[in-house]
Amino acid sequence: MNCDYIVSNFETKIEYVAMKGDKLDGLVLFSIINKQGSLSSAAQLLGLSRSTVSKQLAALEQRVGARLLKRTTRKIMLTEVGHQVLKEALKVEQAMQAIDHISEDYQLEIAGPLKISCSSAQGRKHLIPLVAKFLHRYPRIKINLQLEDRFVDMLSENIDVSIRIGFLPDSSLIARKLGDLTWTLCASPRYLEQAPSLEKPLDLLNHNCIYYQNAKTKMNTWTFVRDGNEETVDVDGSFSLNDASALVSAATQHMGVLLIDKSLLGDTVSRGLLQPVLTDYKPIGGLPIYAIYPEKEYMPAKTKAFIDFLVAEMPEAIA
């Protein structure tokens, strides 16, 4: 095989080699061998045996179809094709170094867009105030907050972080617990004046109860505990809806008895709009709240900063 033919076909071979991910190491190794001046020095630098380096070099020469080095007892010299290969190998090595820098910058820089999903009520009540505080701390981040009461497909919808309430199904997503919600049973004074007596959980069967319900979930099974004894009641009523904040509004409009996350009540109790009932019984089944994200190993700094912020700030917000 003459050298002109080899050189003329070299670029095609290198393009093929460069596109095969498992061949990139061979090109980088070839660059290192030339910088070190010998196979032994390259092997020592890389923590490999000399025979391993020799085998990888031979594999690269086989793919190119020509010898790349002339080896003597004292030194190595590039062949004509070797000079051509080295030019491309240096480009590959530089490109890989540039990728490392990009990756480092991507993981260290707290800046850029961040897409977040959260349930409507928790988003309005807790997350928006926290987002304001977070953006004040990290002004180079741009947050897009999606408030929706459904389980989003984080990967297909490009969601960086999702705030979810309730026990999570098994998945490949990673979860960081932010705290637990605490339930309160309440009703407006006007409703209670006109309604039957309410002294024990079973009395709820005689009451109009308002509860959360969407296309997949109906939260009308309420459980209470007193002196270690549990009582569960399947309540009913004339009004249910899929927005927790609106449930609070409905309760203030005297529409019935409500079991809801205490933190969503705001100042309705202190203002006398709602009052706790069955206070001798503790509602159980308060739901955990999580920050969910799809990956961890290469997590950008902006995502990590937001999750760490939520872990530190959310427990107090929902207390």
Side-chain angles (χ1 to χ4, degrees), residues 1-115 140-141 154-160 172-174 293-305:
M1 183 180 295
N2 65 57
C3 195
D4 289 341
Y5 175 81
I6 294 174
V7 172
S8 65
N9 285 276
F10 165 71
E11 291 185 0
T12 300
K13 287 181 176 291
I14 287 299
E15 287 177 3
Y16 171 77
V17 171
M19 289 177 66
K20 303 288 284 184
D22 58 342
K23 311 299 192 298
L24 291 177
D25 287 345
L27 288 172
V28 175
L29 175 65
F30 183 59
S31 173
I32 293 173
I33 291 171
N34 282 275
K35 289 180 180 178
Q36 295 299 309
S38 72
L39 273 67
S40 298
S41 297
Q44 185 176 2
L45 177 68
L46 297 171
L48 302 173
S49 67
R50 189 186 185 285
S51 62
T52 299
V53 171
S54 180
K55 288 178 182 178
Q56 291 189 19
L57 175 61
L60 179 61
E61 289 179 326
Q62 184 177 3
R63 293 187 194 102
V64 175
R67 295 294 295 272
L68 303 178
L69 296 174
K70 297 175 183 177
R71 300 171 225 184
T72 68
T73 56
R74 292 188 175 183
K75 62 180 180 179
I76 59 174
M77 294 184 298
L78 292 169
T79 64
E80 183 176 353
V81 176
H83 280 288
Q84 298 294 322
V85 172
L86 181 59
K87 291 180 182 178
E88 302 302 322
L90 289 172
K91 292 178 183 177
V92 172
E93 185 180 12
Q94 291 169 0
M96 293 183 72
Q97 291 173 349
I99 289 172
D100 287 341
H101 289 310
I102 291 171
S103 178
E104 289 172 2
D105 291 343
Y106 180 64
Q107 295 180 51
L108 294 175
E109 185 179 21
I110 304 179
L114 197 61
K115 191 173 182 181
R140 296 183 62 196
I141 288 181
M154 297 188 66
L155 296 179
S156 65
E157 299 180 45
N158 296 316
I159 302 294
D160 296 299
S172 60
L173 300 175
I174 301 167
Y293 49 100
E295 61 182 28
K296 186 175 183 180
E297 185 177 0
Y298 303 109
M299 184 190 299
K302 60 184 179 180
T303 306
K304 184 179 186 303

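Quick caveat, the model's predicted, so the values are computed rather than measured.
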To the nearest 0.5 Å, what is the distance between [atom1] on [X] and [atom2] on [Y]?
X: Gln36; Y: Ser31; atom1: CD; atom2: OG; value: 10.0 Å
X: Leu68; Y: Gln84; atom1: CG; atom2: CD; value: 11.0 Å
X: Leu114; Y: Ile159; atom1: CG; atom2: CD1; value: 10.0 Å
X: Lys55; Y: Leu48; atom1: NZ; atom2: CG; value: 12.0 Å

Should [X] and [Y] count as side-chain neighbours, where that means a heavy-atom distance under 4.5 Å?
X: Ile32; Y: Leu45; result: yes
X: Lys35; Y: Ser41; result: no
X: Val81; Y: Arg67; result: no

Suppose we screen for side-chain hydrogen bond (donor to acceptor under 3.5 Å, both in side chains). Which residues come up paired with Glu157, at least two apart in sequence or across chains? Arg150
With Ser54 via side-chain hydrogen bond (donor to acceptor under 3.5 Å, both in side chains) - residues at least two apart: none
Grab the two heavy atoms, one from Pro294 and one from Met154, that are nearest each other, plus how far apart they are. CD-CE, 3.7 Å
Heavy-atom closest pair (Asp160 atom, Pro113 atom, distance to 0.1 Å) is OD2-O, 4.1 Å
Mind checking what makes salt bridge (charged side-chain N to carboxylate O under 4.0 Å, His left out) contact with [X], not counting sequence neighbours?
X: Arg50; answer: none
X: Lys304; answer: Asp308
X: Lys91; answer: Glu88

Under the side-chain contact (heavy atoms from CB on, under 4.5 Å) rule, collect the residues that match up with Ala111, sequence neighbours excluded. Glu109, Arg140
Any residue meeting side-chain contact (heavy atoms from CB on, under 4.5 Å) with Leu78, in chain and number order, not counting sequence neighbours: Phe30, Asn34, Leu69, His83, Leu86
Can you see whether Ser38 engages Ser40 through a side-chain donor-acceptor pair at a distance of less than 3.5 angstrom? no
